[in-house]
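Counting begins at 1 with the first residue of the sequence. Because only heavy atoms are used, hydrogens play no part in the values below, and waters and symmetry mates are left out as well, while side chains stay in.
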Amino acid sequence: MSATTRYRTCPLCEATCGLEIATRGRTVESIRGDAEDPFSRGYICPKGPALKHLDADPDRLRAPLVRRGTTWAEVGWDEAFAEVDRRLPPLVARHGRDAVGVYLGNPSVHNLALSLYPRALLRVLGTRNVFSASTVDQMPKHVSAGLMFGTPLSIPVPDLDRTRFLLILGADPVVSNGSLMTAPDVRERLRAVRARGGKVVVVDPRRSRTAEEADAHHFIRPGTDALFLFALAETLFAEELVRPGRLAEHLAGLEQVRELARGFTPEAVAGVCGIPATAIRELARALAAADGGAVYGRVGTCQQEFGTLASWLVDVVNVLTGNLDRAGGAMFPRAAVGATNTRGAPGRGKGFRTGRRTSRVRGVPEVLGEFPCACLAEEIETPGDGQIRALVTVAGNPVLSTPNGARLARALASLDFMVSLDIYLNETTRHAHVILPSLSPLEQSHYDVALWQLAIRNFARWSPPVFAPPPDRPADWEIVLRLTGIVMGHGADADTAALDDFIVRQQVEAALGVPPLAGRDADEIMAALAPRRGPDRLVDLMLRTGPYGDGFGANPAGLSLATLEARPHGVDLGPLGSRIPEVLRTPSGKIELAPDVIVADVPRLRESLRRVPPPLVLVGRRHLRSNNSWMHNVENLVRGRARCTMQIHPDDAAALGLTDGAPARVHSRAGTLEVPVEVTPGIMRGVASLPHGWGHDAPGTRTRVAAAHAGVNSNLLADETALDPLSGNAVLNGTPITVEPA
Ligand SMILES: Nc1nc2c(c(=O)[nH]1)N[C@H]1C(S)=C(S)[C@@H](COP(=O)(O)OP(=O)(O)OC[C@H]3O[C@@H](n4cnc5c(=O)[nH]c(N)nc54)[C@H](O)[C@@H]3O)O[C@H]1N2
Ligand SMILES: Nc1nc2c(c(=O)[nH]1)N[C@H]1C(S)=C(S)[C@@H](COP(=O)(O)OP(=O)(O)OC[C@H]3O[C@@H](n4cnc5c(=O)[nH]c(N)nc54)[C@H](O)[C@@H]3O)O[C@H]1N2
Ligand code: SF4
Ligand SMILES: [Mo]
């Protein structure tokens with residue numbers, strides 16, 4: 001068999017690196033970075049080549065599993081769907097729609113079919129009980145962006161390649177490869193900032209890898225970023241450094257922000273944040289003076305009790321310093337596919353709101369049609385109308401990823417029925433009755449619909465499958481549509497092609513009213529999209545009706561899927577450009593600098609200034625060779641020194657009688673665990689750090705490599721009752737703990 005070279009996007013993290021994959025027959029010979037890729041320029045991290053091992057992993061499920069008691073049977077696809085059809089519709093008929101819960105995990109954003117098709121399933125299910133990994137991650141940013149700019153994915157990203165001052169809070173992009181900032185090879189790009197005379201400053205309770213690359217690093221007490229950011233804003237007002245520049249005429253609420261900032265002086269917050277007032281003032285001045293500067297915050301600023309306030313203040317400071325929507329500042333990408341901020345009339349829209357309903361047990365508001373995943377367990381446990389009795393998980397491992405995993409595991413074990421779309425039998429899916437595995441990433445086409453809406457350059461790259469899927473297996477979109485058919489009452493073998501045609505036609509019809517398809521005919525557009533099916537057809541439609549699209553002939557030089565197919569290294573659509581006011585979709589047509597919902601939460605923050613901080617709190621961290629909970633079954637990635645350790649400062653270790661390498665017992669309100677201690681000066685006093693995604697020692701899983709490197713589940717300690725009230729995001733950082741030698 002001859003060797004072939006294929007190019008595709010790595011689907012594992014938000015960096016979206018271009019891969020060059022050498023294959024022979026059905027085997028991968030090697031995976032390298034694609035040097036000709038204009039965006040990733042040959043960069044990859046160690047996880048990219050590990051796709052080869054993921055593809056070949058004998059533990060990766062290739063056929064559906066059905067559980068009968070404690071034994072699993074590998075069954076054919078028809079039998080698996082028949083089992084779902086036998087159990088799910090009667091349950092809905094008896095207990096109502098809300099009796100079915102859905103949890104969407106992180107990889108459903110990184111899998112094209114799973115990012116486009118579950119919404120059809122959710123629609124026919126009609127349940128209020130929708131949950132996702134967003135509420136352990138970035139929901140606060142969706143809320144602040146939605147309220148300020150009108151759509152929840154209008155999130156400004158640092159213009160990394162042109163910025164001259166970057167303030168990074170609660171992110172470690174050298175390790176995570178960036179998040180809500182799609183940028184391959186962040187380390188090199190940060191080095192370039194410094195090489196052109198710019199500065200990088202990191203604010204983090206740990207001296208992270210990113211901090212080591214920076215000009216300056218300040219430890220901050222977990223959960224106090226909003227105070228710190230308010231103090232930056234207060235300084236800008238007090239020292240008359242507020243210069244929104246050309247944004248001024250597009251702002252609403254500037255004076256209100258000035259009022260809100262009063263009292264949050266650097267001196268008032270310094271003690272609580274652990275950052276000297278002089279350092280805060282200097283940072284405010286440096287940002288104001290920078291010729292293109294940006295504040296960037298990520299999970300550290302979201303997974304905390306003031307997540308929405310911190311996320312909002314990041315953009316407030318960017319506005320006050322005139323850095324929003326300016327080269328080198330924080331800018332809005334203009335994505336080729338899927339962005340709501342390129343659709344409809346530019347500059348004004350319906351805006352964004354939350355709380356259209358509240359959760360049954362705790363009464364917390366809905367955000368983006370979801371309830372906090374920290375509420376999932378109680379919705380399963382608590383009897384009454386609307387109790388969740390069946391659960392569908394899609395590419396998620398909430399037992400390891402969401403707070404109080406032990407309670408959730410018990411709740412899952414009590415469900416009447418659970419079906420998981422997943423590639424492993426793991427800590428979560430072991431509770432399922434039916435597991436329906438995806439194809440290998442290398443057997444599917446790919447396009448990053450969400451992540452290129454957050455990219456530091458406008459970019460598009462199409463990835464056809466590297467290998468043809470095995471003939472007996474449904475594609476992921478067909479799996480979702482067969483479930484959809486079952487819920488619709490069509491039985492176990494719904495006509496997925498007809499459902500798919502229906503979905504696409506609906507989207508075509510929705511696009512007919514507006515340019516570039518105004519006045520065109522649905523049949524004509526459907527014919528032009530033929531013979532593509534599934535996600536490929538949807539991407540072609542979105543691309544061609546998008547801002548760079550060929551408009552089905554209206555703009556012949558524009559993009560279609562065919563043009564992307566001819567450019568396997570990707571198409572560079574240029575650096576980010578100014579988009580204010582056109583990007584806005586607020587009802588006022590302004591940037592809402594002081595949305596009511598957010599303003600109402602400021603007193604809670606002010607109160608926190610009076611609190612006595614707990615003596616020891618827990619935060620997370622990531623490792624380059626890891627990816628949340630599910631890449632630990634790849635030997636190459638877990639080999640070597642155990643990484644699931646609790647880092648603690650030498651002074652704290654001494655005070656608590658802890659020794660490096662010895663086990664400690666850790667307690668929180670939610671639970672207790674034992675973990676080896678790692679004593680390091682690279683962490684703030686009063687803070688300990690434990691990575692999440694470990695704890696692969698549950699019985700009945702089928703991930704042999706991961707089980708041999710089990711580690712502990714840090715989310716046994718995270719408190720499911722602690723939420724950011726505006727977004728419902730879990731407070732995963734800043735959890736009060738006590739520690740003793742074990
Ligand atoms: N304490 C603490 N907890 C955290 C975090 C933290 O920083 N600290 N981070 C949070 C964040 S940011 C996130 S995003 C969440 C992630 O939370 P989750 O999305 O719930 O968890 P993952 O670990 O990403 O699990 C992904 C699941 O998808 C499966 N999978 C992988 N690829 C595919 C595929 O192609 N198809 C299908 N069907 N399944 C697939 C895997 O086997 C695994 O079961 O964790 C959160 N939890
Ligand atoms: N290698 C690897 N890459 C990944 C992942 C992975 O698991 N491993 N997960 C992917 C996912 S799903 C996501 S969402 C992204 C996340 O990407 P990042 O946001 O860059 O995530 P982390 O590397 O966890 O960095 C978060 C930082 O916040 C700090 N921190 C904790 N609490 C606070 C606080 O209160 N304030 C401040 N200022 N800092 C705080 C932590 O010490 C840590 O350094 O990474 C993605 N990429
Ligand atoms: S940084 Fe690594 S995991 Fe992320 S896309 Fe690139 S190669 Fe894949
Ligand atoms: Mo995430």
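- A salt bridge does not link Asp500 to Arg532: none of the charged nitrogens lies less than 4.0 Å from a carboxylate oxygen.
- In summary, the side chains of Gln303 and Asn733 do present a donor paired with an acceptor at a separation below 3.5 Å, with no hydrogens or angles considered.
- Ion pairing of Arg68 with Glu83 is present here, as a side-chain N (NZ or NE/NH1/NH2) and a carboxylate O approach within less than 4.0 Å.
- Side-chain contact of Asp137 with Asn106: a donor-acceptor pair under 3.5 Å is absent, judged by distance alone.
- No donor-acceptor pair closer than 3.5 Å links the side chain of Thr182 to the backbone N or O of Trp452.
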Inset, instruction - Please test Leu637 against Asn627 for side-chain contact (heavy atoms from CB on, under 4.5 Å), starting from the C-alpha separation and ending with a verdict. - result: CA-CA 10 Å; Leu637 295 179; Asn627 192 20; over 6 Å; no
Legend entry - Test side chain to side chain donor-acceptor pair (under 3.5 Å) applied to Asp59 and Thr703, step by step: CA-CA 6 Å; Asp59 287 341; Thr703 51; 5.9 Å; no
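- Crowding of Arg533 atom CZ: a count of heavy atoms from other residues, nucleotides or ligands under 6.0 Å exceeding 12.
- Summarising the local packing, CG of Asp472 is surrounded by more than 12 heavy atoms from other residues, nucleotides or ligands at distances under 6.0 Å.
- Remark: the Thr428 side chain and the Asn426 side chain contain no N/O donor-acceptor pair separated by less than 3.5 Å.
- There is no side-chain donor-acceptor pair under 3.5 Å between Tyr424 and Asn397.
- Residues Asp536 and Ser445 have side chains that bring a donor and an acceptor to within less than 3.5 angstrom of each other.
- For the 3.5 Å distance criterion, the side chains of Thr429 and Asp422 fail to qualify, holding no donor opposite an acceptor.
- The backbone N or O of Thr9 sits less than 3.5 Å from a side-chain atom of Ser463, completing a donor-acceptor pair.
- Side chain of Arg298 to main chain of Leu180: no donor-acceptor pair is present (N/O by atom type, distance under 3.5 Å, no hydrogens or angles).
- Here Cys10 contributes atom SG and Ile44 contributes atom CD1; the two are 8.0 Å apart, rounded to the nearest 0.5 Å.
- A side-chain donor-acceptor contact under 3.5 Å links Asp476 and Ser438.
- Side-chain atoms of Arg128 never come within 3.5 Å of backbone atoms of Gly386 as a donor-acceptor pair (strictly under, hydrogens ignored).
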Inset, instruction - Show your reasoning for whether side chain to side chain donor-acceptor pair (under 3.5 Å) applies to Asn111 and Ser108. - result: CA-CA 5 Å; Asn111 170 314; Ser108 62; over 6 Å; no
Legend entry - side-chain contact (heavy atoms from CB on, under 4.5 Å) between His110 and Leu451, worked out: CA-CA 8 Å; His110 297 265; Leu451 303 179; 3.7 Å; yes
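- A donor-acceptor pair under 3.5 Å is formed between the side chain of Asn715 and the backbone N or O of Leu400.
- At least one donor-acceptor pair closer than 3.5 Å links the side chain of Arg87 to the backbone N or O of Asp416.
- Ring geometry for His632 against His696 counts as perpendicular: the plane angle is over 60°, on a 0 to 90° scale with 30° as the lower cut.
- Note on Asp55 versus Arg26: salt bridge recorded, some NZ/NE/NH1/NH2 to OD/OE distance being below 4.0 Å.
- A pairwise comparison of heavy atoms in Glu720 and Ala670 identifies OE1-CB, 4.2 Å as the closest pair.
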Legend entry - Verdict with supporting geometry, Val487 and Leu121, side-chain contact (heavy atoms from CB on, under 4.5 Å): CA-CA 8 Å; Val487 174; Leu121 177 61; 4.1 Å; yes
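- At distances below 3.5 Å, at least one donor-acceptor pair connects side-chain atoms of Arg97 with backbone N or O atoms of Val124.
- Between the Glu370 side chain and the Phe131 main chain, no donor and acceptor come within less than 3.5 Å of each other.
- Here the side chain of Arg625 pairs a donor or acceptor atom with the backbone of Asn636 at under 3.5 angstrom.
- Judged purely by distance below 3.5 Å, without hydrogens or angles, the side chains of Thr393 and Ser420 pair a donor atom with an acceptor atom.
- The backbone N or O of Ala706 lies less than 3.5 Å from a partner atom in the side chain of Asn633, making a donor-acceptor pair.
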